Amino acid sequence: MSKIHPTAIIEAGAQIAATAEIGPLCWISSRAKIGENVRLLGRVTVMGDTTIGEGTVVFPGAVLGAGPQDHGNEFKEEARLIIGKNNIIRENVTMHAGTPKEHFTTTVGDGCMFMINSHVAHDCVVGNNVIMTNNAVIGGHVRIGDGAILGGNCAVHQFCRIGRKAMIGGMTGVGRDVIPFAIVTGSYGRLRGLNLVGLRRSGFEPETIKAISHAFMFIFKGKEGTFEERLVQAHEKYKDNELIMEQVKFIDEALAGRRKIMIAE
C-alpha cells in the first residue's frame, strides 16, 4: 500500500505506485500517475494528466501540470506533463502542461534538479541531468540539452535552445540559441567562451577539450572571412570530430530557426 497522509486529497482514478509516499496536504488529480518510490513531501499539487517518474522527490509548494500560461489554451483536457526518473523538485517549483502547438506535451528528463522557484513553461523539453538554480525560468517551447546548468534568476526566452552541458550565468537573459558546451553571462546574455570546467568534470580528455576550444576560436573568433564562411569551412575541417560537429550542426539548425545563434563578441 502507498503511504498516503490522511490530509492528502487523492481524486478517484489517480494511479499511485505502492511504494510512493504522499505527504500532508497534497492534492493529486484523477489523471495523475505517480511512480515507484516517488515522494511528495507535503503541500504538493499535481494537476491534470501529469506523470512523475520513479524515485523523484518533490518538496512543498510545488505545482506540477497546471494549464499553460498561453491564452486560450489554459484548460485543454489533452494537455500533459511528463516528468522522468530520480529528479529533485524543490520548493515552489512550477511546471506547466503543453499546448496544441507541441502535441500538448511538456517533457522533463531524468536526474535533474530544479531549485526553489524555478519554472518550466508549456511545451518545453528538458533533457537529463539538467540543473535549474533558484528562480531560473524558461519560456514556452524552450529546449534544454543534457547536463546544462541554468544559474539563479536567469531567464530563457521562448523557443530558445540551450545546448548540451552549456552553462548560463546567474541574472542572465537568453534571447538566442546557445551552442553545446558554452558559457553565457551578462544581464543580456553574451557568449563568453566554453564551459571548460564542466567538460573536465564530465571526463573529457585534455586533447578533446583542446580540439573543441580550437574549433570554437576558429568559428567564432577567426580573422579570415565572415562567420558564415568559417562555418561552411568547419563542415569539412572538423567532419571527423563528433563533438565539434555536434556544435556545427547545432549552429546550422539555429541559423535556420526562430531565435538564431548567440555569437561570441
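None of these values were measured; they are calculated from a predicted model.
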Checklist entry - Does the pair Gln247 and Ile212 meet the rule for a side-chain contact (heavy atoms from CB on, under 4.5 Å), with working shown? => result CA-CA 9 Å; Gln247 290 183 312; Ile212 296 172; 3.8 Å; yes

Checklist outcome for this item: When every non-hydrogen atom of Ser29 is compared with those of Ala14, the smallest separation belongs to O-CB, 3.3 Å

Next on the checklist: Using a 3.5 Å distance criterion without hydrogens, assess whether the side chain of Thr51 forms a donor-acceptor pair with backbone atoms of Ile82.
Outcome noted: no

Item to check | Derivation and outcome, salt bridge (Lys or Arg N to Asp or Glu O under 4.0 Å), residues Lys223 and Glu229 | outcome: CA-CA 11 Å; Lys223 301 300 183 182; Glu229 290 169 342; over 6 Å; no

Checklist entry - Should Ile168 and Ile261 be counted in the same cluster of Ile, Leu, Val, Met, Phe, Trp and Tyr side chains packed under 4.5 Å apart? => result yes

Checklist entry - Would you say Leu81 and Val46 make side-chain contact, with heavy atoms under 4.5 Å? => result no

Checklist entry - Quick one: do Val142 and Ile149 end up in the same hydrophobic cluster if we chain Ile, Leu, Val, Met, Phe, Trp and Tyr together by side-chain heavy atoms under 4.5 Å apart? => result no

Checklist entry - So among Glu77, Gln15, Arg80, which one has a side-chain contact (heavy atoms from CB on, under 4.5 Å) with Arg31? => result Glu77

Checklist entry - To the nearest 0.5 Å, how far apart are CG in Leu196 and CE in Met167? => result 11.0 Å

Checklist entry - side-chain contact (heavy atoms from CB on, under 4.5 Å) between Ile89 and Phe59: does it pass, once the steps are laid out? => result CA-CA 6 Å; Ile89 301 174; Phe59 282 68; over 6 Å; no

Checklist entry - With a cut-off of under 6.0 Å to the ring centre and 45° to the axis, is Lys237 in cation-pi contact with Phe218? => result yes

Next on the checklist: So, taking the atom named SG in Cys160 and the one named CZ in Arg143, what distance separates them when rounded to the nearest 0.5 Å?
Outcome noted: 11.5 Å

Checklist entry - Below 4.0 angstrom, N of the basic side chain to O of the carboxylate: do Asp70 and Lys101 qualify? => result yes

Next on the checklist: I need the minimum non-hydrogen distance between Gly109 and Asn87, along with the two atoms involved.
Outcome noted: O-ND2, 3.0 Å

Checklist entry - Considering only heavy atoms from C-beta outward, does the side chain of Val248 approach that of Leu231 to under 4.5 Å? => result yes

Checklist entry - Are Arg259 and Phe159 in a cation-pi setup, meaning NZ or CZ lies under 6.0 angstrom from the ring centre and within 45 degrees of the ring axis? => result no

Item to check | Side-chain H-bond candidate by donor/acceptor type, His5 with Thr7, under 3.5 Å | outcome: yes

Item to check | ILVMFWY cluster, Met262 and Ile183 together (side-chain gap under 4.5 Å) | outcome: no

Checklist entry - Does the side chain of Asn37 come within less than 4.5 Å of Arg39's, by heavy atoms? => result no

Item to check | Flag side-chain contact, heavy atom, 4.5 Å: Thr56 against Asn86 | outcome: no

Checklist entry - Is Arg161 close enough and on-axis enough to Phe250, meaning under 6.0 Å and within 45°, for cation-pi? => result yes

Checklist entry - Asn153 and Thr133: side-chain contact (heavy atoms from CB on, under 4.5 Å), yes or no, with the steps? => result CA-CA 8 Å; Asn153 296 289; Thr133 313; over 6 Å; no

Item to check | Leu41 CG to Arg43 CZ distance, which is reported to the nearest 0.5 Å | outcome: 11.0 Å

Next on the checklist: On a heavy-atom basis, which atom in Met132 and which in Val120 lie closest, and how many Å separate them?
Outcome noted: SD-CG2, 4.0 Å

Item to check | Worked verdict on Glu91 versus Met115 for side-chain contact (heavy atoms from CB on, under 4.5 Å) | outcome: CA-CA 7 Å; Glu91 296 88 341; Met115 298 188 192; over 6 Å; no

Checklist entry - Ala97 and Ala79: which non-hydrogen atoms are nearest, and at how many Å? => result CB-CB, 3.6 Å

Next on the checklist: Less than 4.5 Å apart, side chain to side chain, heavy atoms only: is that true for Val125 and Ile144?
Outcome noted: no

Checklist entry - Can a donor-acceptor pair be found between the side chains of Lys165 and Ser202 at a distance below 3.5 Å? => result yes

Next on the checklist: Quick check against the 3.5 Å criterion: does Arg190 have a side-chain atom that pairs as donor or acceptor with the backbone of Tyr188?
Outcome noted: yes

Checklist entry - Is there a donor-acceptor pair closer than 3.5 Å between any side-chain N or O of Asn128 and the backbone N or O of Asp110? => result yes

Checklist entry - Cluster question for you: counting only ILVMFWY and a side-chain heavy-atom cut-off of under 4.5 Å, with indirect links fine, are Tyr238 and Val232 together? => result no

Checklist entry - Would you say Met171 has more than 12 foreign heavy atoms packed within less than 6.0 Å of its CE? => result no

Next on the checklist: For a quick test of reading the model, state the closest non-hydrogen atom pair linking Ala8 to Gly23 and the distance between them.
Outcome noted: CB-O, 3.7 Å

Checklist entry - With the threshold set at 4.0 Å, does a side-chain nitrogen-carboxylate oxygen contact exist between Asp49 and Lys33? => result yes

Item to check | Within-4.5 Å side-chain heavy-atom neighbours: Pro100 and Asn73 | outcome: yes

Checklist entry - Do the side-chain N and O atoms of His122 and Gln69 include a donor-acceptor pair separated by under 3.5 angstrom? => result no

Next on the checklist: Quick one, Arg258 and Asp177 - any side-chain contact, counting heavy atoms below 4.5 Å?
Outcome noted: no

Checklist outcome for this item: When rounded to the nearest 0.5 Å, the distance separating CD1 of Ile162 from CZ of Arg176 is 13.0 Å

Next on the checklist: Same cluster or not: Phe104 versus Leu64, using hydrophobic residues (I, L, V, M, F, W, Y) connected whenever any side-chain heavy atoms lie under 4.5 Å apart?
Outcome noted: no

Checklist entry - What is the ring orientation for Phe220 with Phe227, classed by angle as parallel under 30°, tilted 30 to 60°, or perpendicular over 60°? => result tilted

Item to check | Straight-line distance of Asn134 CG to Phe114 CZ, nearest 0.5 Å | outcome: 13.5 Å

Next on the checklist: Please report the interatomic distance CG(Asn195) to CZ(Arg200), rounded to the nearest 0.5 Å.
Outcome noted: 9.0 Å

Checklist entry - Salt bridge check: are Lys239 and Glu236 linked by an N-O gap of less than 4.0 Å? => result yes

Item to check | Heavy-atom check, side chain of Ile52 versus side chain of Thr50, under 4.5 Å | outcome: yes

Item to check | Over all atoms of both residues, closest heavy-atom pair of Cys154 and Gly169 | outcome: CB-O, 3.6 Å

Checklist entry - Going by distance alone, is a donor N or O of one side chain under 3.5 Å from an acceptor N or O of the other, for Glu36 and Thr19? => result yes

Checklist entry - Quick check: are there more than 12 heavy atoms from other residues, nucleotides or ligands sitting under 6.0 Å from NZ of Lys260? => result yes

Checklist entry - Only one of Asn135, Asn92, Thr94 forms a side chain to side chain donor-acceptor pair (under 3.5 Å) with His119, so which one is it? => result Thr94

Checklist entry - Hey, does the side chain of Thr172 reach the backbone of Ser187 with a donor-acceptor pair shorter than 3.5 angstrom? => result no

Checklist entry - Would a distance-only check, ignoring hydrogens and angles, find a side-chain to backbone donor-acceptor pair under 3.5 Å from Thr208 to Phe204? => result no

Checklist entry - In terms of side-chain geometry, is the basic nitrogen of Arg230 or Glu224 positioned less than 4.0 Å from the acidic oxygen of its partner? => result no

